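Comments concern the structure below.
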Amino acid sequence: MLKMESKPEGNAPQPHESRFYHNLVPAYQALWPAVARRRILSNLSALELAAEAKVLEVGVGTGMSLDAYPTNVDVLGVDLSESMLAEAEVLIQKNNWSHISVRPMNAEKLELEDEQFDLVTSFHTISVVSRPDEMMREMVRVCKPGGRIFVINHFRSENPLIAKVVDSAGGLTRRLGWRTDLEMTKLLDELPIEIESCHKDNPLSLFRVLVAKRV
Ligand SMILES: C[S@@+](CC[C@H](N)C(=O)[O-])C[C@H]1O[C@@H](n2cnc3c(N)ncnc32)[C@H](O)[C@@H]1O
């Protein structure tokens, strides 16, 4: 059920990145799922979620990850773009997913209480928001101690040669709405988390799959 009751504050900043996705929903819907959906589904289903676990997905977009969550957990998806959320809501209604709701919200300032989710996820979003460090801090803040943070994203390569090559495309990708220079270790530094695993699905993948425990 769509719970659109709480709009982001009227004067909250609207990062240009979200406007980008708002304007390009049709193209995004056609191209992106083929690239990313399989990665989300396989890695999410490997996490064994307890019945009635509370899950938050930040930057849920059109909801292509939503069928990976078991129906006995309670999922809230948030995103700044209401047009993306409208697509997610169509999916939710079509599938009668009463365990899932979506709400418009800024990832950098979650309107949610501390320490209430067993799992906080985010896919391909942290390099899109204006302030990734704020988003990460917020994800950790709302996660229960002992709960997990699960992120799939591109991060800057630790191989200086690869990093340099990818950096050279940074101007273009920033025009497309995402940055390529996000350094994972800097982003996670000093947060109250322990990294449980971090891998790529294959050596050529641009995306890292990160699981961390909130301490
Ligand atoms: C690349 S899309 C990823 C969407 C989805 N997670 C997926 O994998 O298909 C990035 C998403 O971040 C959202 N976004 C951008 N800035 C945001 C912000 N400040 N707060 C919440 N969502 C934001 C966009 O609206 C978009 O849905």
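Start at 1 and go down the list; that is how both ligands and their atoms are numbered. Just so we're clear, the structure is a prediction, and the values are computed from it rather than from any experiment.
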Q. With no hydrogens and no angle check, is any side-chain donor or acceptor of Arg141 less than 3.5 Å from a backbone partner on Leu112?
A. yes
Q: Check Met64 against ligand 1 and report side chain, backbone, both or neither, counting heavy atoms closer than 4.0 Å.
A: side chain
Q: Apply the test salt bridge (Lys or Arg N to Asp or Glu O under 4.0 Å) to residues Asp181 and Lys186: give CA-CA distance (whole Å), side-chain angles for both, the deciding distance (0.1 Å), then the verdict.
A: CA-CA 11 Å; Asp181 58 356; Lys186 274 194 195 159; over 6 Å; no
Q: Identify, by atom number and element, the atoms of ligand 1 in contact range of Thr125, meaning under 4.0 Å from any of its heavy atoms.
A: 3 (C), 6 (N), 10 (C), 11 (C), 12 (O)
Q) Numbering the atoms of ligand 1 from 1, which are under 4.0 Å from a heavy atom of Gly61? A) 27 (O)
**Q.** 4.0 Å heavy-atom contact, Met105 with ligand 1
**A.** yes
Q | Backbone of Met84 reached by a side-chain donor or acceptor of Ser81 within 3.5 Å | A | yes
Q: Check each of Ser122, Pro132, Gly59, Ala36 against atom 6 (N) of ligand 1 and report the one with the nearest heavy atom.
A: Gly59
(Q) If you count every heavy atom of other residues, nucleotides or ligands that lies below 6.0 Å from Lys213 atom NZ, does the total exceed 12? (A) no
Q | Donor-acceptor contact below 3.5 Å, side chain Glu108 vs main chain Glu134 | A | no
Q. Out of Asn153, Val129, Leu80, who gets a non-hydrogen atom closest to atom 22 (N) of ligand 1?
A. Leu80
Q: Give a yes or no on whether a salt bridge exists between Asp74 and Lys54, defined as a side-chain N under 4.0 angstrom from a carboxylate O.
A: no
**Q.** Under 4.0 Å to a heavy atom of Val128 - the qualifying atoms of ligand 1, by number
**A.** 15 (C)
Q: With heavy atoms only and a cut-off of under 4.0 Å, state how Asn106 meets ligand 1: side chain, backbone, both or neither.
A: both
Q) Checking Asp118 side chain against Val55 main chain: does a donor-acceptor pair fall under 3.5 Å? A) no
Q) Just heavy atoms, cut-off under 4.0 Å: does Met84 contact ligand 1 by side chain, backbone, both, or neither? A) side chain
